[in-house]
Amino acid sequence: MLKILFFIGMGSFTGGVLRYLITRYVQNYIIHSFPLGTLLVNLLGCFVIGLLYGLFQRGNLMNINLRMFLTVGLCGGFTTFSTFMDENFQLLKEENFLHFSIYVTCSLIGGFFMLYLGHSLIKSI
């Protein structure tokens, strides 16, 4: 278990650093007024996690440590949006439209609400 946590941690570190560098470069040198850096990272993360899960489904191409490093660690540290999208993709693939709808709705509306709530609580202090 400790070994897997180490691989996840190293992947998270790498993904987080890559996210920071890419978003900072895009926001500072390409466009300032639109969160293009975050959008680019989210889309790129979805593409990468799609590639990885596609490879995993083809067979036992990678050991568990490498899988955890790349998916939970690297992609998770790069953007959790990719995991969110993969989970929704799996629900749609299973034709579980009810859970898909609940998950998307609760994530978006609940996320905005919780952000607003947290921001409001700090403003009121």
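Please read these numbers as outputs of a predicted model, since none were measured by experiment. Nothing fancy with the numbering, it's 1 onward along the sequence. Computed from heavy atoms alone, side chains included, the values below leave out hydrogens, waters and symmetry copies.
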Hey, is the main chain of [Y] close enough, under 3.5 Å, to the side chain of [X] for a donor-acceptor pair?
X    : Y    : result
Q27  : F34  : yes
N96  : L92  : no
R19  : V41  : no
S12  : I8   : yes
S107 : V104 : no
T105 : I102 : no

Using a cut-off of 6.0 Å, state whether more than 12 heavy atoms not belonging to H119 lie near its atom NE2. no

Would you give the length of the straight line joining atom [atom1] of [X] to atom [atom2] of [Y], rounded to the nearest 0.5 angstrom?
X   : Y   : atom1 : atom2 : value
H32 : N28 : NE2   : CG    : 7.0 Å
I22 : L44 : CD1   : CG    : 6.0 Å
L2  : F7  : CG    : CZ    : 11.0 Å
L18 : T79 : CG    : OG1   : 12.5 Å
T14 : F69 : OG1   : CZ    : 4.5 Å
I49 : M85 : CD1   : CE    : 11.0 Å

Pair F84, N88 - check side chain to side chain contact (heavy atoms under 4.5 Å, CB included), show working. CA-CA 6 Å; F84 171 70; N88 281 295; 3.3 Å; yes

When hydrophobic residues are tied together by side-chain contacts of less than 4.5 Å, even through go-betweens, does L121 share a cluster with F113? yes

Are F100 and L108 connected in the hydrophobic side-chain network, where two residues link if heavy atoms are under 4.5 Å apart? yes

What are the two closest heavy atoms between [X] and [Y], and how far apart are they?
X   : Y   : result
L70 : L74 : O-CB, 3.4 Å
T71 : L52 : CG2-CD1, 4.1 Å
S82 : C46 : CB-N, 3.6 Å
G76 : T80 : O-CG2, 3.6 Å

Give the C-alpha distance, both sets of side-chain angles, the deciding distance and a yes or no for side chain to side chain contact (heavy atoms under 4.5 Å, CB included) between V48 and F78. CA-CA 10 Å; V48 169; F78 192 62; over 6 Å; no

Establish, yes or no, whether a centroid distance under 6.0 Å links the rings of Y53 and F56. yes

After noting the C-alpha distance and the side-chain angles of E87 and Q90, does the key distance pass the side chain to side chain contact (heavy atoms under 4.5 Å, CB included) rule? CA-CA 5 Å; E87 290 168 344; Q90 296 305 320; 5.7 Å; no

